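Start at 1 and go down the list; that is how both ligands and their atoms are numbered. What you are looking at is a predicted structure, and each value in this text was computed from that prediction instead of being measured. Residue numbers run from 1 in the order of the sequence given.
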Amino acid sequence: MGVGLAVELGQRGISCALVERQLKPQRIPKGQNLTQRTLEHFYFWNCVRELRAARIMPADVPTSGVNVYRDLMSDFWSAPSQRELVQKYYFQEYDRLPQYCAEEVLRARMAALPTVKTWFGWSAEKVEQDKHSTRVTVAERNGTGRNLLEADFIVGCDGGHSIVRDQTGITRSGADFDQKMVLMVFRSTGLQEGLKRLPLKSTYNIMHPDLKGYWLFFGRVDMVDSFFFHAPVPNESTDENYDFLGLLHRAAGFKFDVAFEHVGFWDMRVAVADDYHAGRVFIAGDAAHSHPPYGGFGLNNGLEDAANLGWKLAAHLDGWGGKALLRSYTEERRPVFVEIGRDFIAARIEEDRDFLDRYSPEKDYAEFERAWKERMARVSGRAQVYEPNYEGSPVVMGPLGGVCSAHGTHTFTARAGHHLPPNVLSSGRNVFEELGSGYTLLAFGADDGADDSTGHCAIRSFKEAAHSLKVPLKVVRDSYDSGREVYQSKLILVRPDQYVVWNSDAAPADAHAVLSKVAGLA
Ligand SMILES: Cc1cc2nc3c(=O)[nH]c(=O)nc-3n(C[C@H](O)[C@H](O)[C@H](O)COP(=O)(O)OP(=O)(O)OC[C@H]3O[C@@H](n4cnc5c(N)ncnc54)[C@H](O)[C@@H]3O)c2cc1C
């Protein structure tokens with residue numbers, strides 16, 4: 001997460017330092033499933049090609065998964081379409097690769113930015129702030145070096161056990177499931193062979209009636225023999241006292257060779273920080289929201305945090321982003337994650353639990369078959385209602401009564417508070433390829449100097465307002481036809497993270513007021 005934020009800030013010309021205690025990314029293949037939105041971030045971080053080139057799995061292996069009942073030998077399995085259903089609403093396609101590969105790509109990108117100074121192999125030990133600045137005491141991990149770094153702001157991207165969060169006094173709330181989980185990384189040609197009875201996919205999620213809705217989860221790391229697996233285990237389990245091989249064989253429903261590479265544990269918890277910032281200190285990623293890796297929300301949301309916060313910090317440091325813009329980071333991102341934890345992660349566990357308690361092929365085969373189909377259709381439908389949006393943000397001209405939410409709909413209509421859907425311009429280029437690094441006014445069918453029916457000239461008034469507020473603004477003009485009418489707005493104001501902040505067919509009565517509000521100056 002920290003590397004994503006450093007790239008976002010560094011590209012914007014903000015001088016920053018990244019402190020990371022590990023010299024190299026840890027080779028644990030978590031955080032693999034990257035959404036279309038995450039790939040858009042990599043596009044804007046100028047390393048999307050490098051990211052795709054770092055893919056380990058062949059490009060023709062779908063990133064999605066198979067749901068299986070009881071074990072991998074079951075007759076009941078389903079490979080529902082999920083993220084592919086919303087592909088057309090994003091500029092980039094999703095991808096799948098281990099988090100350490102994505103981090104290596106970001107580290108390389110960061111190394112090319114003279115604005116970013118890195119402290120790899122150093123630990124942050126103490127975090128302090130006053131009204132005017134912040135300080136971090138850093139210590140060399142394998143040495144005796146110590147240093148004091150001073151900055152305008154600190155962002156803690158230091159994971160679930162964040163010292164930045166704890167030392168700043170930011171509290172967390174949420175559900176502790178009191179359930180220990182194991183993560184194993186191993187090699188096996190036998191499992192590779194055994195999986196051939198199921199469709200070729202990246203992950204295999206087993207819903208077992210004994211597991212109260214928790215998953216037994218196999219994921220491919222490559223197409224040769226490398227896998228990861230996570231599952232609930234008894235809370236007293238340790239490296240020494242638990243039969244990990246037996247667990248793998250029971251989950252698969254057949255025996256296969258296993259060469260373990262890593263075994264680790266974590267506690268199942270959904271916890272969201274009560275605030276994402278205190279004074280000059282912010283938190284992002286797992287430091288702000290911890291949760292089980294169900295549904296691929298962790299890394300993707302952390303990178304969205306980085307994209308959301310990065311341009312706001314840069315705007316503030318460049319002198320045009322107001323304090324309300326900084327506050328909006330919590331106001332936009334926190335409610336989204338509260339709903340993800342509750343409605344997409346915890347609810348999925350509870351619904352699976354209810355389903356498994358209620359139906360069983362042994363009790364009534366036909367009824368189970370019908371209920372399984374229904375359940376899988378519901379799982380598939382989730383991808384379509386997951387549409388994080390900031391309709392209620394104080395820095396968006398959203399609808400009356402709008403709220404910030406993880407729930408929404410996908411459409412090509414431009415809506416204030418929502419992700420801008422892609423579209424093709426007359427030049428043949430995508431509108432995403434023309435967006436500026438500040439705000440962009442998309443003006444379809446409008447002339448520079450011409451007044452509209454309300455007697456205003458949108459382009460001229462936005463340009464004048466941007467000039468007086470020193471807000472960076474790019475204008476992209478095109479005709480209002482050839483498919484661009486699906487936006488259902490001739491004028492669309494887009495902010496630096498590709499969210500629409502205002503849209504209309506006519507110039508606003510007061511462009512200065514609109515820009516002041518969306519830049520957090522009002
Ligand atoms: C098995 C598994 C599968 C997953 N699959 C997915 C998936 O498919 N999609 C998805 O989106 N998410 C997934 N996740 C979740 C995802 O991995 C996490 O959400 C993500 O790693 C969070 O990134 P982060 O940078 O916030 O925290 P971390 O990855 O925990 O990184 C924090 C970093 O801070 C460093 N650090 C901590 N304290 C200090 C300190 N005091 N000083 C210096 N450095 C420090 C650490 O060394 C570490 O590098 C999965 C997780 C697991 C366990």
Side-chain angles (χ1 to χ4, degrees), residues 1-6 17-35 37-39 41 63-65 82-83 94-100 102-103 106-107 118-127 136-141 147 149 154-167 181-185 202-203 205 215 217-221 227-231 262-271 273 276 282-306 309 337 340-341 344-345 386:
M1 211 63 48
V3 271
L5 182 64
L18 176 102
V19 181
E20 166 57 63
R21 62 186 174 200
Q22 306 286 352
L23 287 172
K24 295 216 157 79
Q26 284 181 289
R27 293 191 77 80
I28 299 174
K30 51 185 191 168
Q32 298 213 64
N33 221 327
L34 305 182
T35 60
R37 177 65 184 145
T38 291
L39 269 289
H41 298 322
T63 63
S64 51
Q82 292 191 16
R83 291 205 170 111
Y94 55 71
D95 218 321
R96 182 176 175 83
L97 63 165
Q99 191 166 326
Y100 54 78
E103 188 176 333
L106 285 172
R107 282 192 182 208
T118 51
W119 294 76
F120 290 122
W122 289 71
S123 281
E125 293 199 327
K126 193 167 164 203
V127 173
V136 189
T137 309
V138 296
E140 214 176 356
R141 242 187 134 194
N147 238 304
L149 310 183
I154 293 174
V155 186
C157 303
D158 50 344
H161 300 287
S162 168
I163 66 144
V164 176
R165 184 189 64 230
D166 289 349
Q167 292 187 13
M181 304 289 294
V182 68
L183 171 66
M184 304 179 209
V185 185
S202 295
T203 58
N205 166 31
W215 299 348
F217 196 89
F218 286 100
R220 294 180 190 275
V221 180
F227 293 92
F228 73 89
F229 173 83
H230 60 76
H262 168 85
V263 176
F265 298 99
W266 84 92
D267 293 323
M268 174 83 105
R269 176 184 301 127
V270 176
Y276 284 12
F282 294 79
I283 49 174
D286 279 16
H289 39 76
S290 304
H291 43 79
Y294 286 20
F297 291 106
L299 180 60
N300 290 304
N301 268 281
L303 293 173
E304 189 69 45
D305 292 344
L309 179 59
F337 204 86
I340 290 173
F344 290 86
I345 300 178
Y386 176 67

> With heavy atoms of Gln22 as the reference, note each atom of ligand 1 found under 4.0 Å away.
47 (O)
> Check whether any N or O atom of Asn33, backbone or side chain, sits under 3.5 Å from an N or O atom of ligand 1, and answer yes or no.
yes
> Any N or O on His291 sitting closer than 3.5 Å to an N or O of ligand 1?
no
> Working to the nearest 0.5 Å, report the span between CG of Leu106 and CD of Gln99.
10.0 Å
> What are the atoms of ligand 1, with element, lying closer than 4.0 Å to any heavy atom of Gly285?
26 (O)
> Between Val221 and Gln32, is there a side-chain heavy-atom distance shorter than 4.5 Å?
yes
> With respect to His230, which candidate in Phe218, Phe265, Phe217 satisfies the ring pair (Phe, Tyr, Trp, His ring centres under 6.0 Å) definition?
Phe217
> For ligand 1, note which part of Gln26 has a heavy atom under 4.0 Å away: side chain, backbone, both or neither.
neither
> Just let me know how Cys157 lines up against ligand 1, side chain, backbone, both or neither, with a heavy-atom cut-off below 4.0 Å.
backbone
> Measure the distance from atom 4 (C) of ligand 1 to every protein heavy atom, then report the residue, atom name and distance (to 0.1 Å) of the closest one.
Gly31 N, 3.1 Å
> Provide, to 0.1 Å, the distance between atom 44 (N) of ligand 1 and the closest protein heavy atom, together with that atom's residue and name.
Arg21 N, 3.2 Å
> Evaluate Trp266 for polar contact with ligand 1, using N/O atom pairs at a separation under 3.5 Å.
no
> What is the minimum heavy-atom distance between Leu97 and Ala102, and which atoms define it?
CD1-N, 4.2 Å
> Could you tell me, atom by atom, which parts of ligand 1 come under 4.0 Å of a heavy atom of Gly159?
27 (O), 30 (O), 32 (C)
> Could you identify the single nearest non-hydrogen protein atom to atom 46 (C) of ligand 1 and state the distance to 0.1 Å?
Glu20 OE2, 3.5 Å
> Within less than 4.0 angstrom of ligand 1, does Trp122 place any heavy atom?
yes
> Considering non-hydrogen atoms of the protein only, which is the closest contact for atom 29 (O) of ligand 1, and what is the distance?
Gln99 NE2, 3.5 Å
> Between side-chain atoms of residues 284-304 and protein atoms elsewhere (two or more places apart, or another chain), which donor-acceptor pairs fall under 3.5 Å?
| unit_1 | atom_1 | unit_2 | atom_2 | d |
| --- | --- | --- | --- | --- |
| His289 | ND1 | Gly285 | O | 3.4 |
| His289 | NE2 | Gly285 | O | 3.4 |
| His289 | NE2 | Asp305 | OD2 | 2.8 |
| Ser290 | OG | Arg172 | NH1 | 3.0 |
| Ser290 | OG | Asp286 | O | 3.3 |
| Tyr294 | OH | Trp215 | N | 2.9 |
| Asn300 | OD1 | Thr35 | N | 3.0 |
| Asn300 | OD1 | Thr35 | OG1 | 3.4 |
| Asn300 | OD1 | Thr38 | OG1 | 2.6 |
| Asn300 | ND2 | Asn33 | O | 2.8 |
| Asn300 | ND2 | Gly296 | O | 2.7 |
| Asn301 | OD1 | Arg333 | NH2 | 2.8 |
| Asn301 | ND2 | Phe297 | O | 2.9 |
| Asn301 | ND2 | Tyr386 | OH | 3.3 |
| Glu304 | OE1 | Arg37 | NE | 2.9 |
| Glu304 | OE1 | His41 | NE2 | 3.0 |
| Glu304 | OE2 | Arg37 | NE | 3.4 |
| Glu304 | OE2 | Arg37 | NH2 | 3.1 |

> Starting from atom 26 (O) of ligand 1, locate the nearest protein heavy atom and write down its residue, its atom name and how far away it is, to 0.1 Å.
Asp286 N, 2.8 Å
> Write out the residue and atom name of the closest protein heavy atom to atom 12 (N) of ligand 1, then the distance separating them to 0.1 Å.
Leu299 N, 3.0 Å
> Looking only at protein heavy atoms, which one is nearest to atom 9 (N) of ligand 1, and what is the separation?
Gly296 CA, 3.3 Å
> So which heavy atom in the protein is nearest atom 2 (C) of ligand 1, and how far is it from that ligand atom?
Lys30 CB, 3.4 Å
> Between His230 and ligand 1, which part of the residue brings a heavy atom under 4.0 Å of the ligand: side chain, backbone, both or neither?
side chain
> I'd like to check which ligand 1 atoms, numbered from 1 as shown, lie under 4.0 Å from a non-hydrogen atom of Pro293.
2 (C), 3 (C), 4 (C), 50 (C), 51 (C), 52 (C)
> Consider every N or O of Ala124 and every N or O of ligand 1, then say whether any pair is closer than 3.5 Å.
yes
> In this structure, does ligand 1 have an atom that sits under 4.0 Å from one of the heavy atoms of Gly302?
no
> Number the atoms of ligand 1 from 1 as they appear, then name those within less than 4.0 Å of a heavy atom of Met1, with their elements.
22 (C), 23 (O), 24 (P), 25 (O), 26 (O)
> Under 3.5 Å, N or O to N or O, is Ala287 touching ligand 1 that way?
no
> Which bit of Leu183 gets closer than 4.0 Å to ligand 1, counting heavy atoms only: side chain, backbone, both or neither?
side chain
> Can you list the ligand 1 atoms lying under 4.0 Å from a non-hydrogen atom of Ser123?
42 (N), 43 (C)
